[in-house]
Amino acid sequence: MSAPSPLLEVSGLSKSFGGVKAVDGIDFTLAPGELLALIGPNGAGKSTTFNMVNGQLRPDTGSIRLEGRQMIGLTPRAIWRHGVGRTFQIAATFASLTVVENVQMALISADAKLYAMWRRARDYRRDDALELLEQVGMAAQADRPCSVLAYGDVKRVELAIAMANRPKLLLMDEPTAGMAPKERNDLMALTKSLVVERGTAVLFTEHSMDVVFAYADRIIVLARGRLIAGGAPAAIRDDRRVQEVYFGTGRTFERHTATVVPAAPAAP
């Protein structure tokens, strides 16, 4: 059986800021229903890559194709309407609105109804908004203001917002930042289940290696703007170049827990 055609194809992508090459000719693909982790040390070019895929930065060179269509030159709003959702490292919701109103605002945007002022926004697709909240475990808190939610719950609301346009591709920038270990695992397990159910592709960055190795189907590694490795989690875990560049010489992964531990000292 042949592999599915890539949903996202990134080729020769580069971006410089002054004399600094933040991203240097990278290539990768992402298939429907796949979770692809983009990891690397600080300053590796992860955020720059994300912002180019999302349309917030224009590449100097290269190509970004979604289902064969060139995305370079489109605005983030146009990219959203082509089926790309995004969550942010710092969760972005309207604190003064209720949980369900936040999701309704996303549905209004997805339907391009922002200027339909003759219709009451609070009534707009409320049932659909509640269904999205049910999927992320937040329906019971639908009428609470976002300002009173725990941070982990705000992240769940943000995920419901990102899924409002039924995205083909979901970009998640540090999805578990600031969360406790149980919250991290709960959010990523939820994301995985939605991906399986909907066939959504996910590109995510993450500093928590337990999350990366537990949930990514495939990992690509950036260092100084260049891709230095890519493959299944087991292959990345054992890649000496990744260990040296990403974690520093003398440190490695523990095979089962994916925790970074010091290497054993040499025998005297």
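Residues satisfying the side-chain contact (heavy atoms from CB on, under 4.5 Å) test with T75, not counting sequence neighbours, are R77, A78. For E131, the salt bridge (charged side-chain N to carboxylate O under 4.0 Å, His left out) criterion is met by no residue, not counting sequence neighbours.
W80 and I108 fall into different hydrophobic clusters, where Ile, Leu, Val, Met, Phe, Trp and Tyr residues are linked whenever their side-chain heavy atoms come under 4.5 Å apart, directly or through other members. Taking hydrophobic clusters as Ile, Leu, Val, Met, Phe, Trp and Tyr residues chained together by side-chain heavy-atom distances below 4.5 Å, M163 does not share a cluster with V196. Connection of F17 to L222 is established within a shared hydrophobic cluster, with ILVMFWY side chains joined at heavy-atom distances below 4.5 Å, either directly or through further cluster members.
Using a 4.5 Å cut-off on side-chain heavy atoms (C-beta onward), F28 and L36 make contact. Residues L35 and V202 form a side-chain contact, since some pair of their non-hydrogen atoms from C-beta on lies under 4.5 Å apart. Side chains of R86 and D173 form a contact here, defined as non-hydrogen atoms less than 4.5 Å apart. For the pair V136 and V157, the minimum side-chain heavy-atom distance is 4.5 Å or more. A 4.5 Å side-chain heavy-atom check between K15 and P59 finds every atom pair outside the cut-off.
Considering all non-hydrogen atoms of both residues, D217 and G33 come closest at OD2-O, 4.0 Å. When all heavy atoms of D27 and S11 are compared, the closest pair comes out as OD1-CA, 3.2 Å. Scanning both residues, Q70 and I64, for their nearest heavy atoms gives OE1-O, 2.9 Å.
In this structure, K46 fails the cation-pi test against F50, since its NZ or CZ atom is not both closer than 6.0 Å to the six-membered ring centre and inside 45 degrees of the ring normal.
Between the T98 side chain and the E101 main chain, a donor and an acceptor come within less than 3.5 Å of each other. Using a distance-only test at 3.5 Å, with no hydrogens or angles considered, a donor-acceptor pair links the side chain of Y215 to the main chain of N185. Side chain of D24 to main chain of G225: no donor-acceptor pair is present (N/O by atom type, distance under 3.5 Å, no hydrogens or angles). Side-chain atoms of N165 never come within 3.5 Å of backbone atoms of R81 as a donor-acceptor pair (strictly under, hydrogens ignored). Remark: side-chain polar atoms of Q104 are paired, donor with acceptor, to backbone N or O of Y124 under 3.5 angstrom. The main-chain N or O of P167 is found under 3.5 Å from a side-chain atom of T200 such that the two form a donor-acceptor pair.
Atom CZ of R65 has more than 12 heavy atoms from other residues, nucleotides or ligands within 6.0 Å. The number of heavy atoms from other shown groups lying within 6.0 Å of CZ (R198) is above 12.
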Under 3.5 Å, side-chain donor or acceptor atoms of residues 147-155 against the rest of the protein: list the pairs with distances, not counting sequence neighbours.
residue, atom, partner, partner atom, Å
Y151, OH, Q89, O, 3.4
D153, OD2, Q141, NE2, 3.3
K155, NZ, F88, O, 3.2
K155, NZ, Q89, O, 3.2
K155, NZ, P175, O, 3.3

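To the nearest 0.5 Å, atoms CG (L66) and NE2 (H82) are separated by 8.5 Å. In this structure, CG in L38 is found 11.5 Å from CD in E206, a value given to the nearest 0.5 Å.
When each of R237, K182, R184 is paired with D210, the salt bridge (Lys or Arg N to Asp or Glu O under 4.0 Å) condition holds for R184 and for no other.
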